[in-house]
Amino acid sequence: MTLKTLIKGGRIIDPSQGIDKISDLLIVDGLVKEINTSISKPRNAEIFNAEGLIVCPGFIDIHCHLREPGEEYKETIQTGTAAAAAGGFTTVCAMPNTQPAMDNQSVVEYVLKKAKETASIRVLPIGSVTIGRKGKQLSEMSELADLGVIGFSDDGDPVEDPNIMRQALSYSAGLKLPIINHCEVPSLADGASMNEGWVSNRLGLKGMPSSAEEVMVARDISLAELTGGHVHIAHASTRGTIDLIRSAKANGTKVTCEVTPHHLTLTENTVMGHGKDDFQPLGTNAYDTNAKVNPPLRSKSDVASMIESLNTGTIDFIATDHAPHSEVDKMTTFQDSSFGISVLETALGSLMTLVDQGQMEVNTLIKKLTNDPATFLGMDIGNLKTGTSGDITIIDPNEIWTVDPGDFISKGKNTPLEGSLLKGKIKATFYQGTKVY
Ligand SMILES: [Zn+2]
């Protein structure tokens, strides 16, 4: 039987085609069939009333941690992709810091098989750069490329050795895939648990300076120039990083970068308690371990730079760095706590605050979640062109809701946004024409 869904009367935003208008959208057999002002209901079509809602391409997340295999108590491919669907995502790229790491064919094949069996959306694996992510010896990069990995990363850790990074960029240039680096000079960040600044001083915590990121970004840009390889800077977080990337792009270097929702919306002050953008007296808790993330939440000036650079295009797109952890990983001192935030289900709501505050156009925001990551992947997704996959996200831009991690589908309840009011909610997500949320 032919499956048809008619989405009626929504505000259709597709930045890839410059579409922003009230229209109907028809999906037939999993594919976008037609966008038109008024489409009459075909026989047997399901109707979705989208009046007052935004209808856009499904979001694409280049950077998330699904934890399977090896840490299924934190997340699985099933729970992670269901959480992603709830957050409006129809494609996620899975980081290889699993146990074992995704450094050989059998682990990547396992992830692909699990995704086929249990995922509600598209899962694209990322291969690790080095064997066991130990930074000593390159993984079987071309074999991993044959399986369809979209790039290589040792994320969670940087590729520390410059010569290994040089070799990785040289190989990946031949494979036409990026090296995605978590830029952090270990000796500059050793033992640090947050940004180095006045909050770390006040709390007596060791901080990591912006230089810990920027020194490696500068190195990687230089190595990309040397090798002709493509370096992608994961989770850019400092003003200095952006300055380096801007000038490298102007020189024609193959460098791209992403920014997370939290580095666009939260400052280091959040470490002292949720949602606090300006200094407020400490509450009953001196700190919130759910705000411990790597790279750390930075200064107000850094956040302003992230927003501006996303608007101007120096930052290529938004990626979540969804990093779910169990309660025991976070019910600790700040120093002992694991790094990471569970992001997938709050991404849109938190990003919409930028739109609400007039800091970003909703079209730009959607472009940075759809068309621009699709360009990075070189895939024909993230748009609503006729004949493309019916990956569609429907948003209520005006619904106000309170973040309750107890409601998360993700196993990771670790969010510093607990109790925050967000405006903008995912109402439905379609993947290949089927409603998955
Ligand atoms: Zn990372």
Side-chain angles (χ1 to χ4, degrees), residues 61-67 70-71 74-75 80 92-99 101-103 124-130 132-135 149-161 164-165 168 178-190 192-195 208-217 219-220 231-238 241-242 245 255-264 266 290-298 302 306 315-325 329-330 337-344 347 373 376 412 414-416:
D61 187 9
I62 300 295
H63 186 150
C64 83
H65 299 274
L66 297 179
R67 306 296 191 205
E71 292 183 305
K74 295 189 184 200
E75 195 79 288
V92 292
C93 300
M95 276 294 174
N97 61 335
T98 48
Q99 288 170 11
M102 286 153 63
D103 63 1
L124 304 172
I126 297 169
S128 57
V129 179
T130 63
R133 299 172 52 254
K134 291 191 184 338
V149 300
I150 60 101
F152 303 94
S153 183
D154 277 356
D155 187 59
D157 295 298
V159 178
E160 187 181 355
D161 182 329
I164 292 281
M165 188 62 175
I179 301 293
I180 303 170
N181 202 15
H182 166 121
C183 289
E184 175 189 339
V185 176
S187 59
L188 283 170
D190 187 37
S193 53
M194 66 169 298
N195 186 47
M208 53 182 100
S210 298
S211 308
E213 176 170 313
E214 292 156 6
V215 168
M216 195 171 282
V217 170
R219 179 203 78 173
D220 286 356
V231 64
H232 177 75
I233 308 298
H235 42 52
S237 75
T238 77
T241 287
I242 300 305
I245 291 169
V255 55
T256 50
C257 72
E258 67 193 29
V259 63
T260 69
H262 40 284
H263 291 109
L264 284 163
L266 301 174
N290 288 319
K292 181 174 174 181
V293 63
N294 195 6
L297 300 174
R298 301 285 191 182
D302 292 311
M306 295 303 125
I315 296 178
D316 294 82
F317 51 82
I318 298 166
T320 69
D321 193 11
H322 174 73
H325 287 294
D329 300 316
K330 289 288 191 180
S337 167
S338 298
F339 287 102
I341 299 178
S342 181
V343 181
L344 286 169
F376 174 80
N414 47 305
T415 175

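For ligands, and for the atoms within them, numbers begin at 1 and follow the listed sequence.
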Geometry at the Zn ion (ligand 1) - H182 ND1 versus H235 NE2 angle, rounded to 10 degrees: 100°

Please determine if the Zn ion (ligand 1) has an N/O/S atom from D155 lying under 2.8 Å away. yes

Of H263, H322, H63, which meets ring pair (Phe, Tyr, Trp, His ring centres under 6.0 Å) against H235? H63

Just checking: H63, one of its N/O/S atoms, less than 2.8 Å away from the Zn ion (ligand 1), yes or no? no

If we ignore hydrogens and angles and just use 3.5 Å, is the side chain of R219 paired with the main-chain N or O of E160 as donor and acceptor? yes

Shortest non-hydrogen pair, D157 vs H182, comes out as O-CB, 3.7 Å

At their closest point, which heavy atom of L66 faces which heavy atom of V92, and how far apart are they? CD1-CG2, 4.3 Å

